[in-house]
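Working notes, structure below.
We name chains A, B, ... by the order of the sequence lines, and we start the count at 1 in each one. Basis for what follows: all heavy atoms, side chains included, without hydrogens, waters or symmetry-related copies.
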Amino acid sequence: MLRFTLPDGSCKEFSSPISVAELAATIGTGLARAAVAGRVDGKLVDLTTLLETDGAVEIITPSSPEGLEIIRHSTSHLMAHAVKELFPTAQVTIGPAVADGFYYDFDYERPFTPEDLVAIEARMEEIAARDLPVARQLMGRQEAIDWFLAQGERYKAEIIADIPADQTISLYRQGEFMDLCRGPHVPSTGRLKVFKLTRLAGAYWRGDSRNKMLQRIYGTAFPDKKALSAYLTLLEEAAKRDHRKLGKELDLFSIQDDAGGGLVLWHPMGARMRQTIEDQWKQAHREAGYEFLYTPHMANLDLWRTSGHLDFYRESMFNPMTVDEQAYQIRPMNCPFHILVFRSRIRSHRDLPMRWAELGTVYRYEMSGVLHGLFRVRGFTQDDAHIFCRESQIETEISAILDLTLLTLRTFGFEHFEVNLSTRPEKSVGSDEIWDKATTALRNAITHHGLDYCEDVGGGAFYGPKIDVKITDAIGRKWQCSTIQLDFNLPERFDIGYIGEDGARHRPIMIHRALMGSLERFFGILIEHYAGHFPLWLAPVQAVVLTITEAHNDWAMEVGQKLRAAGLRVETDLRNHKVSYKIREHAMRKIPWLLIVGEREQAEGAVSPRDRHGKELGLIPLETMLQRLLEESANRT
RNA sequence: GCCGACGUAGCUCAAUUGGCAGAGCAACGGAUUUGUAAUCCGUAGGUUCGGGGUUCGAUUCCCCGCGUCGGCUCCA
């Protein structure tokens with residue numbers, strides 16, 4: 001008797017082995033129809049897999065993340081099948097499911113065109129309609145290599161040669177098309193109904209720029225049409241929020257060839273916002289017990305030799321320049337300077353912890369092809385800080401940093417956090433003891449904040465473990481900004497120390513941390529998060545006073561002055577235009593409040609506010625509106 | 001850096017097979033004094049990214065640069 005435990009805890013018993021599909025059918029016809037694969041004792045398998053021993057079995061449908069991934073993976077095979085039918089000499093390479101779809105890389109004698117994409121998609125529909133069974137089969141290693149070589153598929157043969165000897169080689173056949181694959185896959189091509197090819201791109205074989213450039217076709221697939229159209233809507237929404245577009249429309253910043261790629265020019269409206277962000281940042285840091293440093297943008301190359309950056313960070317650094325026959329380096333990091341400040345005198349254990357912050361502008365060489373608006377630039381300002389502390393202070397300091405991090409991120413409207421702890425990699429400096437202690441301290445600090453976290457084992461830098469925090473924006477995209485990083489290396493290299501209670505010299509622990517990461521990038525994220533509709537406290541112009549006719553200019557100017565005197569960023573628009581014209585213009589600038597001033601308002605010392613959603617509040621005394629604006633600004637909502 | 005697509009006025013975009021480079025918005029000038037998302041008229045605005053080539057003639061075709069955009073980790 002065979003016993004299978006289902007996820008709900010119930011059991012099914014059978015006298016002889018049955019397939020996953022058959023098991024699904026005994027549970028329900030709906031489930032059997034939706035099933036794309038099964039999970040047996042934690043392992044994903046095909047529906048055709050025979051269940052021959054007792055175990056925990058789960059039926060996978062497209063509504064689960066695993067099921068969706070299988071659909072996408074199978075769709076990538078469907079695409080490869082279509083490509084091989086249309087372009088028989090194209091070689092297939094790899095085609096996995098990825099975050100929001102799938103891709104497949106091909107080697108073909110000419111570039112694919114957008115028209116090819118249309119033809120491929122049409123052929124995919126056709127093959128799906130043929131409803132070909134997708135069957136798994138095992139093959140001997142050499143047999144598989146020979147088979148693929150006979151088909152002219154050299155990449156597949158290469159892949160097989162690299163598969164560890166203890167793994168079996170499995171292939172999936174659908175009609176004439178056979179592909180090397182671990183699986184599992186949907187049982188037949190007819191199960192793939194909703195898909196779309198999205199773009200063409202180049203991609204190196206195995207992601208290595210020394211290898212041949214292949215052609216990658218991206219696509220996506222969903223369980224149903226509704227999910228696909230929701231995804232396409234999300235893409236449209238993201239395009240509307242694109243910070244490069246909004247940055248231009250709202251006149252916030254520019255990046256110009258005349259200055260150079262990846263170098264950001266902050267225009268007055270963007271600079272106002274940056275000042276607001278910096279003010280907030282400074283205030284929070286003062287309250288958290290930080291001091292501020294200002295350090296140079298370049299330094300003698302020897303400093304970077306001592307820090308080790310010249311060895312392990314060189315490819316991200318600009319070339320040195322010569323000054324008085326000495327080599328100088330524009331800085332890619334701030335930390336060596338903070339170390340120099342620490343080392344400038346003898347430090348006592350009583351001085352620790354020392355928390356030093358700097359909005360430090362750094363310059364890093366990024367390959368021209370990766371530059372991207374404010375997200376990937378060559379010159380940017382880090383909200384950097386370095387904490388020098390004793391080993392025993394690590395946990396409290398990390399905990400305080402996490403407090404400050406969450407406070408800061410919440411201030412900017414981010415509520416969902418994803419925390420990642422990266423631990424010791426194989427190649428690293430520092431003793432086992434210090435790594436253990438530090439990693440435990442980081443873990444404790446995270447759990448004390450009640451945060452869920454993932455551990456990336458071996459994912460830390462060679463010089464210390466770290467915590468990364470990801471935020472989720474208004475349309476669900478994740479961004480990593482904050483990072484908290486322990487460093488057992490730099491204090492060593494610069495031989496810094498403090499005098500302990502015992503009178504002996506001890507090595508301090510150094511913590512690097514950034515909350516927003518790069519001000520430029522964070523600004524870009526904010527623009528997209530708010531879609532340009534900044535909350536009042538951030539908005540570069542908080543209100544515009546606009547007149548009906550020039551008869552109301554005096555009152556409008558008085559209103560403007562009073563609001564500005566209260567610290568609000570307010571413009572007056574006295575132009576001789578229709579109100580509707582002026583409203584349209586300021587609405588497009590996404591100004592939070594428009595204060596209309598005409599006959600009645602002037603007579604009663606009032607304004608008629610209109611909010612950014614077009615809601616009119618009617619006549620309100622100026623003083624009342626002033627208080628309301630101040631309150632809204634202070635609440636940061 | 002590499003692959004592909006793209007590059008026309010400040011912005012958004014036109015220009016049939018190679019045949020005088022255009023529109024809307026913005027700017028500027030004038031008129032209009034207006035109550036909640038565009039008042040009317042006029043003026044000016046261009047090395048069609050840069051350089052070379054083919055041609056009687058190139059925004060259009062070819063070559064070389066530059067830039068922008070999408071990609072280049074997500075294991076068969």
Ranking Glu550(A) and Arg244(A) by the position along RNA chain B of their nearest nucleotide, the one closer to 5' is Glu550(A)
Residue pair His81(A) / Glu85(A), side-chain donor-acceptor N/O under 3.5 Å:
yes
With a 4.0 Å cut-off on heavy atoms, is Thr113(A) in touch with a base, just the backbone sugar-phosphate, or nothing at all?
nothing
Decide whether Gln174(A) and His77(A) meet the rule of one side-chain donor and one side-chain acceptor closer than 3.5 Å.
no
Atom P, compared across rA58(B) and rA21(B): separation rounded to whole Å
11 Å
Does rU39(B) have a Watson-Crick or wobble mate here (both distances under 3.5 Å), and if so which one?
rA31(B)
Please state the C1' separation for the pair rC41(B) and rA37(B) - nearest whole angstrom.
23 Å
Quick one: label Tyr103(A) by what it contacts on the DNA or RNA (base, sugar-phosphate, nothing), any heavy atom closer than 4.0 Å.
sugar-phosphate
Please classify the nucleic acid contact of Gly369(A) as base, sugar-phosphate, or nothing, using heavy-atom distances under 4.0 Å.
base
Select base, sugar-phosphate, or nothing to describe what Arg610(A) touches, counting heavy atoms under 4.0 Å on all strands.
base
Evaluate whether atom CD of Glu315(A) has more than 12 neighbouring non-hydrogen atoms of other residues, nucleotides or ligands under 6.0 angstrom away.
no
Does atom CD (Glu109(A)) have a neighbourhood of more than 12 heavy atoms from anything else shown, all under 6.0 Å?
yes
Classify the nucleic acid contact of Tyr218(A) as base, sugar-phosphate or nothing, counting any heavy atom under 4.0 Å across all strands shown.
sugar-phosphate
No-hydrogen, no-angle side-chain donor-acceptor test under 3.5 Å, Asp179(A) and Tyr104(A)
yes
Could you tell me the Watson-Crick or G-U partner of rA14(B), where both distances fall under 3.5 Å? Say none if there is no partner.
none
So Glu366(A), base contact, sugar-phosphate only, or nothing? Heavy-atom distance under 4.0 Å.
nothing
Write down the partner of rA26(B) under the Watson-Crick or G-U wobble criteria, each distance required to be under 3.5 Å.
none
Would you say a side-chain N or O of Tyr581(A) is under 4.0 Å from OP1 or OP2 of rC40(B)?
no
Watson-Crick or G-U wobble partner for rC72(B), using a 3.5 Å limit on both distances?
rG1(B)
Under 4.0 angstrom, heavy atoms only, what part of the nucleic acid is Arg600(A) near: base, sugar-phosphate, or nothing?
base
Look at the side chain of Ile94(A) and decide which nucleotide, out of rG71(B), rC75(B), rU39(B), has an atom nearest to it.
rC75(B)
Over all strands shown, is Glu601(A) touching base, sugar-phosphate only, or nothing at heavy-atom distances under 4.0 angstrom?
base
Assign Thr547(A) to base, sugar-phosphate, or nothing according to its heavy-atom contacts below 4.0 angstrom with the strands shown.
nothing
Looking across every strand, which nucleic acid part, if any, lies under 4.0 Å from Lys156(A) by heavy atom: base, sugar-phosphate, or nothing?
sugar-phosphate
Under 4.0 Å between a Lys/Arg side-chain N and an Asp/Glu carboxylate O for Arg477(A) and Asp473(A)?
yes
Need one value for His372(A): base, sugar-phosphate or nothing, where a base atom within 4.0 Å counts as base even if backbone is also close, heavy atoms only.
sugar-phosphate
Checking all strands, does Arg182(A) fall into the base, sugar-phosphate, or nothing category for heavy-atom contacts under 4.0 angstrom?
base
With both distances kept under 3.5 Å, what pairs with rC61(B), Watson-Crick or G-U wobble?
rG53(B)
Is a donor-acceptor contact shorter than 3.5 angstrom present between the side chain of Tyr204(A) and the base of rG1(B)?
yes
Using a cut-off of less than 4.0 Å, is there contact between a side-chain N or O of Ser368(A) and OP1 or OP2 of rG1(B)?
yes
Heavy atoms under 4.0 Å, any strand shown: does Glu585(A) hit a base, just sugar-phosphate, or nothing?
nothing
Considering just the side-chain nitrogens and oxygens of Lys212(A), establish if one lies under 4.0 Å of OP1 or OP2 belonging to rC3(B).
no
rU36(B) OP1/OP2 closer than 4.0 Å to side-chain N/O of Arg584(A)
no
Result for 5'-nearest mapping on RNA chain B, choosing between Ala587(A) and Asp242(A), is Ala587(A)
